Amino acid sequence: PIYCAKKTKTHKDELGICRVLLAELEAHQDAWPFLTPVNHRAVPGYRKVIKKPMDFSTIKEKLTSNQYLNLETFIIDVNLVFDNCERFNEDDSEIGRAGHRMRRFFDKRWTELLQ
Ligand SMILES: Oc1ccc2c(c1)N[C@H](O)CC2
């Protein structure tokens with residue numbers, strides 16, 4: 001097209017995309033390590049090593065209580081889930097591999113939804 005304005009997204013549009021993305025993350029077959037907070041009392045070292053724990057249920061609570069300013073602050077928290085996973089798990093482990101698959105899925109989906 002000759003004239004192609006960049007569509008700006010309102011706050012409501014971005015939060016709608018966050019809800020869709022979170023629902024897809026929670027429904028993914030590899031989401032199981034990330035659905036609820038790690039029980040740091042049951043996992044030696046976790047509290048010391050992982051300074052900012054994050055999981056999908058916490059993200060959902062923050063989303064429903066309007067704690068995300070925009071899509072970017074939401075993506076930062078989702079990436080924190082996967083970065084924590086990489087820090088605490090070997091790449092060649094069940095949970096490590098699940099984290100890499102989930103990150104790849106998320107990166108693909110939010111870029112698709114933003115097009
Ligand atoms: O063997 C285990 C036992 C517990 C956990 C992990 C691995 N990785 C998770 O990231 C954190 C919780």
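This structure is a prediction, so every number in the text was calculated from the model and none was measured. In each ligand, atom 1 is the first atom listed, and ligand 1 is the first ligand listed.
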For the backbone of M102 and the side chain of H28, can you confirm whether one donor and one acceptor N or O come within less than 3.5 Å of each other? no

Quick check against the 3.5 Å criterion: does E14 have a side-chain atom that pairs as donor or acceptor with the backbone of N70? no

Testing I17, N79, L69, L21 one by one against F74 for a side chain to side chain contact (heavy atoms under 4.5 Å, CB included), which residue passes?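 That would be L21; it is the only one of I17, N79, L69, L21 passing the side chain to side chain contact (heavy atoms under 4.5 Å, CB included) with F74.
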
List for me each residue that meets side-chain contact (heavy atoms from CB on, under 4.5 Å) alongside T10, sequence neighbours excluded, and say none if there are none. K12, D13

Between ligand 1 and the protein, which N/O pairs are shorter than 3.5 Å?
| residue | atom | partner | partner atom | Å |
| --- | --- | --- | --- | --- |
| ligand 1 | 8 (N) | N89 | OD1 | 2.8 |
| ligand 1 | 10 (O) | N89 | ND2 | 2.8 |

Does either side chain, that of N39 or that of Y46, offer a donor lying less than 3.5 Å from an acceptor on the other one? no

Whether F34 and F56 hold their rings parallel, tilted or perpendicular, with breakpoints at 30° and 60°: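 It falls in the tilted class, 30° to 60°.
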
